[in-house]
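Remarks on the structure that follows.
Each ligand, and each atom within it, is numbered from 1 in the order the structure gives. We use all heavy atoms of the structure for the numbers below, so side chains are in, but hydrogens, waters and symmetry mates are not.
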Amino acid sequence: MRLGCIGDDFTGSSDLANTLAKGGMRVVQYTGIPDGPAAPWVEAGVVALKTRSIPVKEAVRQSLAALDWLRAQGCEQILFKYCSTFDSTPEGNIGPVADALAEALDARKVIVCPAFPGTGRSIYQGHLFVADRLLNECGMQNHPLTPMTDPDIRRWLAPQTRHRVGHVAAGDVFAGPERIAAALEAQDAAGHRLIVVDALRDADLVAIGAAAKGLPLITGGSGIAIGLPANFGCTPAPVPWQGQGGRAAVLSGSCSTATRAQVAHHAARHPAREIPAEEVIEGRLSAAEIADWILAQEGLPLAYSSADPAEVARVQERHGRAHAAETLEACFAEIARRLVAGGITRLITAGGETSGAVVEGLQLGTLDIGPEIDPGVPALRAGPDLVVALKSGNFGAVDFFEKADARLQGLP
Ligand SMILES: Nc1ncnc2c1ncn2[C@@H]1O[C@H](COP(=O)(O)OP(=O)(O)OP(=O)(O)O)[C@@H](O)[C@H]1O
Ligand SMILES: O=C(O)[C@@H](O)C(=O)CO
């Protein structure tokens, strides 16, 4: 294994694996830290953790353990993948994990670049945009776990890290890899260890990737990986896929603007059942009941707890943010176990935390990466009779669930 990656959630890890696979690398996504060694043909390994919203100390501990495993596989470079909307709080976990990895690897010139132009995330003068909106005006200010209220990534990162935060501006990035490398050197000389790098277009990420050749640690969204396969002699190639027949279902715990539109679109055309969060939290609705309902449907049924920001805020105020999330995630994990036991072979999930709970609940060990469904979301094979798509909250076209099911079946 040459490139070792640590993802802070499961959908984000599949997003990264997708980018590397499209770039021609042979990639495997691991659910947590594997017990044994990687297969010898793996060029890039993505260890998917669920560390985005857990206590800082635990996130650091798990990330360092993943680093140990990746180093034992012979990795030459480490990539820490977080969300393209930089999901974190003033405590972390992006800063503390980046610090810990940088210190363990003795890495300087640590690039911080959440840009993902394919889904509208760009960084200009240190500020993160989602399409034509600043981060704090795009809906992310209402995120249930990591409300993003400041678009200046340098300012948002500063309280999270022990190190000084630097910046390489767009003017240097546009001038190509040599100028980027020189700007990183200058930032390092000025005592900045974590360096936010502007990127507006895929071409910028290709240039940043070339400048990052040989650096021990890179951090960012999946976009930062666009330029990396070339550093390892890989070239873009079609990703093979064996379609999966059988029965399908969709589970959504994401409350993002994009997911809520996808849920509304799907519910108008297919069997759909809302999971009222409070009924689950108060024990009035069980996972068994929801799974039985799904299994009794024809077509592509959807069960969702996705709700608008006001409803999410009401539930969190009444029951506590962490308790609400934990209870719902445990419920989704149990529904997924019952669905697979009941014969579901194609499972589509929406939301990073929700997908993480499902993948862990199903104890999916390794995921083979298939073709891209929509930007940032690949088809994944979890076993001989199970394929999945793990959609990040904000990703996907409005008809994503139908599209994902078609791709998982191997249809164009
Ligand atoms: N109706 C609801 N009320 C309160 N919390 C909810 C509700 N529905 C879901 N949640 C919780 O909100 C969180 C949503 O996070 P999740 O990561 O799954 O989606 P997301 O943030 O949109 O996706 P991503 O992390 O990929 O951007 C989960 O912990 C989920 O359990
Ligand atoms: O980077 C992104 O936006 C996604 O891969 C993700 O991590 C959302 O959970």
Side-chain angles (χ1 to χ4, degrees), residues 5-19 29 46 48-54 80-88 94 113-121 128 130 135 138-140 142-148 219-225 251-263 274-281 285 303-333 335 349-359 374-378 390-396:
C5 309
I6 303 169
D8 71 351
D9 86 339
F10 287 68
T11 52
S13 295
S14 70
D15 171 15
L16 172 63
N18 175 55
T19 305
Q29 176 170 334
V46 183
L49 302 176
K50 197 168 177 298
T51 47
R52 188 172 289 175
S53 302
I54 64 173
F80 169 37
K81 159 72 176 69
Y82 40 76
C83 193
S84 63
T85 42
F86 212 68
D87 299 19
S88 52
I94 294 175
C113 185
F116 185 1
T119 56
R121 279 72 160 151
L128 183 52
V130 174
L135 177 65
C138 75
M140 281 302 296
N142 299 317
H143 190 279
L145 304 175
T146 49
M148 299 300 292
T219 82
S222 64
I224 196 63
L251 297 176
S252 174
S254 162
C255 300
S256 72
T257 312
T259 303
R260 283 184 287 121
Q262 289 155 349
V263 165
E274 186 180 0
I275 304 174
E278 234 159 11
E279 291 189 19
V280 173
I281 296 166
L285 178 61
Y304 63 95
S305 69
S306 314
D308 64 34
E311 170 61 8
V312 171
R314 196 188 63 75
V315 167
Q316 290 183 334
E317 207 162 295
R318 197 131 176 237
H319 299 277
R321 176 179 293 197
H323 179 63
E326 278 160 24
T327 316
L328 284 165
E329 288 172 31
C331 177
F332 277 114
I335 297 170
T349 58
E353 300 294 326
T354 306
S355 302
V358 164
V359 167
D374 263 336
V377 196
L390 312 175
K391 189 193 80 73
S392 293
N394 289 304
F395 287 179

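- Between Ser252 and Phe332, the closest heavy-atom pair is O-CZ, 3.3 Å.
- In terms of modelled atom types and a separation under 3.5 Å, the side chain of Gln262 and the main chain of Gly396 share a donor-acceptor contact.
- Here the rule is side-chain contact (heavy atoms from CB on, under 4.5 Å) with Met140, and of Leu128, Leu135, Thr257 only Leu135 fits it.
- Salt bridge Glu311/Arg314: present, at least one basic N to carboxylate O contact under 4.0 Å.
- Ser355 and Thr11 make their closest contact through OG-CG2, 3.3 Å (heavy atoms, listed as atom of the first residue, atom of the second, distance).
- Listed by number with element, the atoms of ligand 2 under 4.0 angstrom from any heavy atom of Asp9 are 7 (O), 9 (O).
- At least one heavy atom of Thr11 sits less than 4.0 Å from an atom of ligand 1.
- At a heavy-atom cutoff of 4.0 Å, ligand 1 is contacted by no atom of Lys391, backbone or side chain.
- The ligand atoms of ligand 1 that sit less than 4.0 angstrom from a heavy atom of Ser256 are 22 (O).
- In this structure, Arg260 contributes its side chain and Ser306 its backbone to no donor-acceptor pair below 3.5 Å.
- The nearest protein atom to atom 29 (O) of ligand 1, hydrogens excluded, is given as Glu329 OE2, 2.6 Å; this is a heavy-atom distance.
- Scanning the protein heavy atoms around atom 3 (O) of ligand 2, the nearest turns out to be Ser84 OG, 2.5 Å.
- Short contacts between ligand 1 and Ala325, defined as distances under 4.0 Å to a heavy atom of the residue, involve ligand atoms 29 (O), 31 (O).
- With contacts defined as side-chain heavy-atom distances shorter than 4.5 Å, the pair Arg121/Asn394 qualifies.
- Of the candidates Asp374, Thr354, Thr259, Thr259 is the only one forming a side chain to side chain donor-acceptor pair (under 3.5 Å) with Lys391.
- Distance from atom 4 (C) of ligand 2 to its nearest protein heavy atom, with residue and atom name: Ser392 OG, 3.3 Å.
- We find the OG-CZ distance between Ser222 and Phe395 to be 6.0 Å, quoted to the nearest 0.5 Å.
- Contact annotation: Arg52 has at least one heavy atom less than 4.0 Å from an atom of ligand 1.
- Contact between Ala115 and Pro117 at its shortest, heavy atoms only, is C-CD, 3.9 Å.
- Within ligand 1, counting atoms from 1 as listed, the ones closer than 4.0 Å to a heavy atom of Cys255 are 7 (C), 8 (N), 9 (C), 22 (O).
- Any N or O atom pair closer than 3.5 Å counts here, and Ser305 shares at least one such pair with ligand 1.
- Residue, atom and distance of the protein heavy atom nearest to atom 14 (C) of ligand 1 are Gly253 O, 3.4 Å.
- Closest of all the heavy-atom pairs between Leu390 and Val377 is O-CG1, 3.5 Å.
- Checking only distances, Asp15 does come within under 3.5 Å of ligand 2, N or O to N or O.
- Ligand 1 has a nitrogen or oxygen under 3.5 angstrom from a nitrogen or oxygen of Gly393.
- Contacts between Ser254 and ligand 1 below 4.0 angstrom, taking non-hydrogen atoms only, involve backbone and side chain alike.
- Close approach of ligand 2 to Phe395 is summarised as follows: ligand atoms under 4.0 Å from at least one heavy atom of the residue are 2 (C), 3 (O), 4 (C), 5 (O).
- Remark: the backbone N or O of Ser14 is paired with a side-chain donor or acceptor of Gln29 at under 3.5 angstrom.
- For atom 21 (O) of ligand 1, the nearest non-hydrogen atom of the protein is His143 NE2, 2.5 Å.
- Protein heavy atom in closest approach to atom 17 (O) of ligand 1: Glu353 N, 2.7 Å.
- Taking CG from Leu16 and CD1 from Ile6, the interatomic distance works out to 11.0 Å, rounded to the nearest 0.5 Å.
- Listed by atom number, the atoms of ligand 1 under 4.0 Å from Ala307 heavy atoms are 1 (N).
- Of the protein's non-hydrogen atoms, Leu328 CB, 3.4 Å is the one closest to atom 31 (O) of ligand 1.
- Note: no N/O pair closer than 3.5 Å links Thr85 and ligand 2 by distance alone.
- Atoms of ligand 1 found under 4.0 Å from any heavy atom of Ala277, numbered from 1 in the order shown, are 1 (N), 2 (C), 3 (N).
- Of all the atoms in ligand 1, the ones that sit under 4.0 Å from a non-hydrogen atom of Gly352 are 16 (P), 17 (O), 18 (O), 19 (O), 23 (O), 24 (P), 25 (O), 26 (O).
- Every atom of ligand 1 is numbered from 1 in the order shown, and the set under 4.0 Å from a heavy atom of Thr354 is 18 (O).
- Here the straight-line distance linking atom CZ of Phe10 with atom CG of Leu49 works out to 7.0 Å at 0.5 Å rounding.
- For Glu311, no heavy-atom contact with ligand 1 is shorter than 4.0 Å.
- When all heavy atoms are compared, the tightest approach of Phe80 to Ile94 is CE2-O, 3.7 Å.
- Using bins of under 30°, 30° to 60° and over 60° for the plane-to-plane angle, the ring pair Tyr82/Phe86 lands in the perpendicular bin.
- Heavy-atom proximity to Ser392, at under 4.0 Å, picks out these atoms of ligand 1: 26 (O).
- If you number the atoms of ligand 2 from 1 as listed, the ones under 4.0 Å from a heavy atom of Thr11 come out as 9 (O).
- Residue contact check: Lys81 has heavy atoms under 4.0 Å from atoms 1 (O), 2 (C), 4 (C), 5 (O), 6 (C), 7 (O) of ligand 2.
- Listed by number with element, the atoms of ligand 2 under 4.0 angstrom from any heavy atom of Arg52 are 6 (C), 7 (O), 8 (C), 9 (O).
- When atom types are taken as modelled, the side chain of Glu353 and the backbone of Glu329 share no donor-acceptor pair closer than 3.5 angstrom.
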